[in-house]
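These numbers come from a predicted model, not from an experiment. Below, all heavy atoms of this structure are taken into account, side chains as well, without hydrogens, waters or symmetry copies. Whatever order the structure lists ligands and atoms in, that order sets their numbers, starting from 1.
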Amino acid sequence: MSSVPRITLNNGVTMPQLGFGVWQVPDDEAATAVARALEAGYRSIDTAAAYENEVGTGRAIAESGVPREDVFLTTKLWNTEQGYDATLRAFDASLERLGTDYVDLYLIHWPVPMFDRYVDTWRAFEKLATDGRARAIGVSNFQPPHLERLLAETSTVPAVNQVELHPHFQQEQLRTFNTAHHIATEAWSPLGQGKDVLTEPSVGAIGRKHGRTPAQVVLRWHLQLGNVVIPKSVTPSRITENFEVLDFELDAEDMSAIAALETGSRLGPDPSTMDFMG
Ligand code: NAD
């Protein structure tokens, strides 16, 4: 089996470029799905306090037989917990649910700019990093104005910006901004949530050319762009299929055919107006 490439983050910590996401997986099913993912070879797991499956995720890791230090574990701070003290409390609660004493990556889930607490929140993240309880700290759904503010007002550049990114929403400008500031780009909904992206005729044609499925083509495209990807599935065959993307290569013609699929339309909310506090 080819090994998963690792991305070196701006603090020197390395992160697998291919991981496994568990959004919308109920806690009891998360334990099974994460166990299957670890068996298939994934060593990076992406959860969040808001997914309400940190308990199942943590249990699967603990019971897997894979040493904790071989798993790259990400969780995220939910919007209602933003602010310095609330963040520190929320982090402790996440660790308790996960059953671990550190995370590899802690992300601010959304900027919620109208709430205006992400700078204070980030200062708490800096403390968690200094204390060694989060090996790396980053953000999710941050746009350049939100990142510019962190860069101007704090002293730690986020290691990662996890954003919606798939062939219909390629985030070219944001990727360029992230790269210029040594922020790794991580793609959420990398398969476009398994909807229209996977039925694009050109994705199907590229798959036939390489003897691969549409999902494998799309994941390969992400890897070749340099994105970190965290596809989600609870179906054992798809968990394996999504991991088998390390032993083939798209050519320049394939990459430009996928580049042409940009539609500019999001599947999720716009981070500048997203104010969901539930
Ligand atoms: P995704 O793009 O990974 O698509 C998952 C869906 O695609 C599955 O539910 C299934 O229906 C389908 N699918 C999976 N593998 C397939 C295959 N091989 N063939 C055909 N269909 C397949 O969508 P996602 O779950 O939204 O995103 C992945 C992860 O990103 C999440 O689980 C979560 O960890 C993270 N995420 C983060 C945010 C954020 O705000 N930071 C938001 C959404 C998702």
*Hey, mind stepping through Tyr51 and Lys76 against side-chain hydrogen bond (donor to acceptor under 3.5 Å, both in side chains) and telling me if it holds?*
CA-CA 9 Å; Tyr51 301 170; Lys76 313 185 191 83; 3.0 Å; yes
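Remark: minimum distance from atom 24 (P) of ligand 1 to any protein heavy atom is reached at Ser189 OG, 3.6 Å. Of all protein heavy atoms, the one closest to atom 14 (C) of ligand 1 is Lys232 O, 3.2 Å. Considering only non-hydrogen protein atoms, atom 28 (C) of ligand 1 sits nearest to Ile230 O, 3.1 Å. Annotation: atom 12 (C) of ligand 1 to nearest protein heavy atom, Gly194 CA, 3.7 Å. Closest protein heavy atom to atom 11 (O) of ligand 1: Arg238 NH1, 4.1 Å.
Only the side chain of Ala215 comes within 4.0 Å of ligand 1, judged by heavy-atom distances. Both the backbone and the side chain of Pro190 come within 4.0 Å of ligand 1, counting heavy atoms alone. When non-hydrogen atoms are compared, ligand 1 lies under 4.0 Å from the backbone of Gln193 as well as from its side chain. Residue contacts with ligand 1 for Val22 involve N, CA, C or O but no side-chain atom from C-beta outward (heavy atoms, distance under 4.0 Å). When non-hydrogen atoms are compared, ligand 1 lies under 4.0 Å from neither the backbone nor the side chain of Thr213.
In the vicinity of Pro231, heavy-atom distances shorter than 4.0 Å reach the ligand 1 atoms 3 (O).
Aromatic ring pairs are classed by plane angle as parallel below 30°, tilted from 30° to 60° and perpendicular above 60°; the pair Tyr42 and Phe243 is tilted.
Taking a cutoff of 4.0 Å between a charged side-chain nitrogen and a carboxylate oxygen, Asp28 and Arg59 do not qualify as a salt bridge.
Every side-chain contact (heavy atoms from CB on, under 4.5 Å) that Arg97 has, sequence neighbours left out, goes to Ala49, Glu54, Val55, Ala93, Ser94.
Residue contact check for ligand 1: Leu198 places a non-hydrogen atom closer than 4.0 Å to it. Heavy atoms of Phe20 stay at 4.0 angstrom or farther from ligand 1.
Phe142 does not carry Arg149 over the face of its six-membered ring by the limits of under 6.0 Å from the centre and within 45° of the normal.
Of the candidates Asn141, Thr74, Asp46, Gln162 forms a side-chain hydrogen bond (donor to acceptor under 3.5 Å, both in side chains) with just one, namely Asp46.
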Which atom pairs, donor and acceptor, lie under 3.5 Å between side-chain atoms of residues 256-272 and protein residues at least two apart or in another chain?
| unit_1 | atom_1 | unit_2 | atom_2 | d |
| --- | --- | --- | --- | --- |
| Ser256 | OG | Ala252 | O | 2.9 |
| Ser256 | OG | Glu253 | O | 3.4 |
| Glu262 | OE1 | Gln170 | N | 2.7 |
| Glu262 | OE2 | Gly264 | N | 2.8 |
| Thr263 | OG1 | His168 | O | 3.0 |
| Thr263 | OG1 | Ser265 | N | 3.2 |
| Thr263 | OG1 | Ser265 | OG | 2.7 |
| Asp270 | OD1 | Ser272 | N | 2.9 |
| Asp270 | OD1 | Ser272 | OG | 2.9 |

